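Residue numbers begin at 1 in each chain, while the letters A, B, ... track the order of the sequences. None of these values were measured; they are calculated from a predicted model. Computation of the quantities below employed the complete heavy-atom set of this structure, encompassing side-chain atoms and omitting hydrogens, waters and symmetry-equivalent molecules.
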Number of protein chains: 2
Amino acid sequence: MTGTPGRSRRSPDHVTIVDVARHAGVAVSTVSYVLSGKRAISEVTRTRVLASIRELGYHPNAGARALASRRANTIALVLPLRAGMQVPVVMQFAIAVVTTARRCDHDVLLVTSDEGPSGLRRIAGSAMVDGMLVMDVELDDSRVPLLRDLTRPSVLIGVPADPTGLTCVDLDFHRAGQVCVEHLARLGHRRVALLGAPAAVYDRGTGFAHRTRAGVAAAADRHGVTVVTQPFEEGPASIRQELAALLDRHPDLSALVVQNEAAVGPVLACLPTLGRRVPQDMSVVAICPDQFAEQAAPRLTSVPVPAEEIGRQAVALLMRKLHDEPVPEVTLLPPRLTIRDSTAAPTVQVRR
Amino acid sequence: MTGTPGRSRRSPDHVTIVDVARHAGVAVSTVSYVLSGKRAISEVTRTRVLASIRELGYHPNAGARALASRRANTIALVLPLRAGMQVPVVMQFAIAVVTTARRCDHDVLLVTSDEGPSGLRRIAGSAMVDGMLVMDVELDDSRVPLLRDLTRPSVLIGVPADPTGLTCVDLDFHRAGQVCVEHLARLGHRRVALLGAPAAVYDRGTGFAHRTRAGVAAAADRHGVTVVTQPFEEGPASIRQELAALLDRHPDLSALVVQNEAAVGPVLACLPTLGRRVPQDMSVVAICPDQFAEQAAPRLTSVPVPAEEIGRQAVALLMRKLHDEPVPEVTLLPPRLTIRDSTAAPTVQVRR
DNA sequence: GCCGGCCGTCGAAGCGCTTCGACGGCCATG
DNA sequence: CATGGCCGTCGAAGCGCTTCGACGGCCGGC
């Protein structure tokens, strides 16, 4: 009674490839080739091996596999620590990444930005992951030079100032800003405000905020629309104040472009109390998750942030890089405007 | 020009422990012991080795380490796929987990529930992780028996019907329900409604929903409060309808306990339009993230869900299990009631 | 002054897997 | 009928690390 003979002396319930090989009456390498498909194996052998695998409940040891094959079949997902406003987007994105990665037989290691560059270096150096997805990339991000140098491929969510030598995916926020303004212009609006992210986000050099602002400005120019752009804080009380102040300074505003998930709900709630019904007195276009827009009252005309698609794309790009296939440096997803109930022609055509 | 001699013939920039040992003029095992601290090493050797490590930019290969030591220094975090309502909580939780795990020198593998039990089996079997954190555990969860059998330790967030042989952490939702009602009772409220999660959540057998309901009922009983409990859907339009219907059926309701993050904002917005000012005509207590409660208007009296602390606790418990230390089966965190501006004594003392 | 221990270091044996070269058969070909 | 390939399988050499036993010195105790 000193343990099953022929079983390695180690932990009782740990099945290795050796056990499978013995059980199927083949060489270890044959089992390996059955699993990887890298060499032809006769149907009969294949079947027998697979049966043994199932019967024994064998699962390849990931560490050993990574060591021998030099591929971990794992990718890193680097998320921003500060769980601020864009939580739902981040979550949707993360889920899409995990799901897509699993479909490509990869697992996902979750890393937070707060370890900073050295964290990335550690992850990459330890060969835990074959590549990395980095979210929340800023225009002038300290991690960018590092990523450029790293041997392991990476894909960025967001586009830094200089994307040379990188691979980036994002919504085309510049076009998104344009699309919003164009829609409003077409309805006849001439005085529009952009309620953007908190000032800190702009200061941090966050790409999407700047790009949207630029897009809005460009479209406004082209369509003879005057646009007031202003950062927008998220404090509980402050929203109402800010909004009131804004309307005070610019009483002829007839439409709002809101790019601030956290603010959009309160803004909608405040507008009626400030004497502006939506959409009769004030049109509102949001750049926010679709779910948000659907659930707001009234339902919001919006440009959704396609977190899920960005996630899928990012993984797909990374996989192609892992296979040494060429990929574009920047992939911008086209914005889609969904018209709902929060926009209408202005009641009174202001001037013109 | 056939590569640096003395360097392994492999990828040019891959530093191994052999390189470090050679550079420092010691044995490989010595380097290992310097890193692990498992044997005494003279100060002078230690310093020299560490210098070499830094100079060469050495990072231990995670796979090799896992293989040899039989510990991956990684834990799995199993999150619910359906990114429904509790997104901010999940996110806060995940971040706390990653941060805490890193502090214990562990990484986090992100897994979604949709792989189901077989996913857990795969992760565990492949030895990618030393243990797992499983969120969103339901009263009668199909993964529970599996987790009980698994060789690898796990910690559940949420408490299944039978927690025997498991390790669970959660907010004490039963007490949380009680605390809310007690607060209202103390203010003089006698007719209270519990606006819970959507019916589907109850049907699914989600522990926290049931436990809160039970706690509310128990406290109501004890304090002579009548309580109407009703699931609460989240549709955009439906909230107002449901609320109106509820007030219609129970016009003497003077307080609400809301356990539905997604609904709390809209509910607050609707109440005034239904002729109920908060808190003069209707008190509201919420069970929701603190941030939410702070930002609502009026600021909400609430029992926060301490996602961050749950995350920390969960990791701590798992680490103790990894070290074979005993841990309690169920850890319930005490609820804390934070009184803000949404509760007050009822204007008219109903009966009594 | 000798010996037992301890301290610091080394060498080697794996951990479980992949992959490469080798090697028997078998079939098709000349 | 010999020959060359190809197909399917095997054995063995690592992948980079941990860990165990061994082994010299050195110190203190008797």
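Between A:T30 and the phosphate of D:dC10, there is a side-chain N or O to OP1/OP2 separation shorter than 4.0 Å. Taking 4.0 angstrom as the limit, B:H14 places a side-chain polar atom (N or O) nearer than this to OP1 or OP2 of D:dG16. Under 4.0 angstrom from either OP1 or OP2 of C:dT18 there lies at least one side-chain N or O belonging to A:S32. Within the structure, every side-chain polar atom (N or O) of A:R70 is placed at least 4.0 Å from both OP1 and OP2 of D:dC15.
Under a cut-off of 6.0 angstrom, the local environment of CZ in A:R148 is crowded, with over 12 non-hydrogen atoms contributed by other residues, nucleotides or ligands. Atom CD of A:Q313 sits in a crowded spot, with more than 12 heavy atoms from other residues, nucleotides or ligands closer than 6.0 Å. Counting non-hydrogen atoms of neighbouring residues, nucleotides and ligands closer than 6.0 angstrom, the CG atom of B:D140 reaches no more than 12 such neighbours.
As rounded to whole Å, 13 Å separates atom C1' of D:dC17 from atom CD1 of B:I53. In this structure, A:I17 atom CD1 and D:dC10 atom P are separated by 12 Å, rounded to whole Å. The interatomic distance linking B:R22 (CZ) with D:dG16 (C1') rounds to 13 Å, in whole Å. Distance A:L35 CG to C:dT18 P: 7 Å, rounded to the nearest Å. Between B:N73 atom CG and D:dT18 atom C1' there is a gap of 13 Å when expressed in whole angstrom units. Atom CZ in B:R71 sits roughly 15 Å away from atom P in D:dC17 (whole-Å rounding). We find that CG of A:L67 is positioned 9 Å from C1' of D:dG14, with the value rounded to whole Å. Distance CG (B:N61) to C1' (D:dG16): 6 Å, rounded to an integer number of Å.
Put simply, the side chain of A:T74 gets close to the backbone of A:A72: a donor and an acceptor are under 3.5 Å apart.
In terms of polar N and O atoms assigned as donor or acceptor, the side chain of A:Y33 never comes within less than 3.5 Å of the base of D:dC7 in a complementary pairing.
In this structure, A:V26 reaches the sugar-phosphate backbone alone: every heavy-atom distance under 4.0 Å involves primed, P, OP1 or OP2 atoms, never a base.
The side chain of A:A27 approaches D:dG11 more closely than any other nucleotide in the set C:dC10, D:dC15, D:dG11. Ranking C:dC17, C:dA12, C:dT19 by closeness to the B:S29 side chain, first place goes to C:dA12.
A salt bridge links A:R102 to A:D107: at least one charged side-chain nitrogen sits closer than 4.0 Å to a carboxylate oxygen. Note on B:E309 versus B:R312: no salt bridge recorded, every NZ/NE/NH1/NH2 to OD/OE distance being 4.0 Å or above.
Annotation: proximity of residues 38-47 of chain A to DNA chain D (heavy atom, distance under 4.0 Å) is found for A:R39, A:A40, A:I41, A:S42, A:T45, numbered in ascending order.
Toward the 5' end of DNA chain C, the nearer of the two residues B:A68 and A:R65, judged by each one's closest nucleotide, is B:A68.
Between A:V144 and A:E138 there is no side-chain heavy-atom pair separated by less than 4.5 Å.
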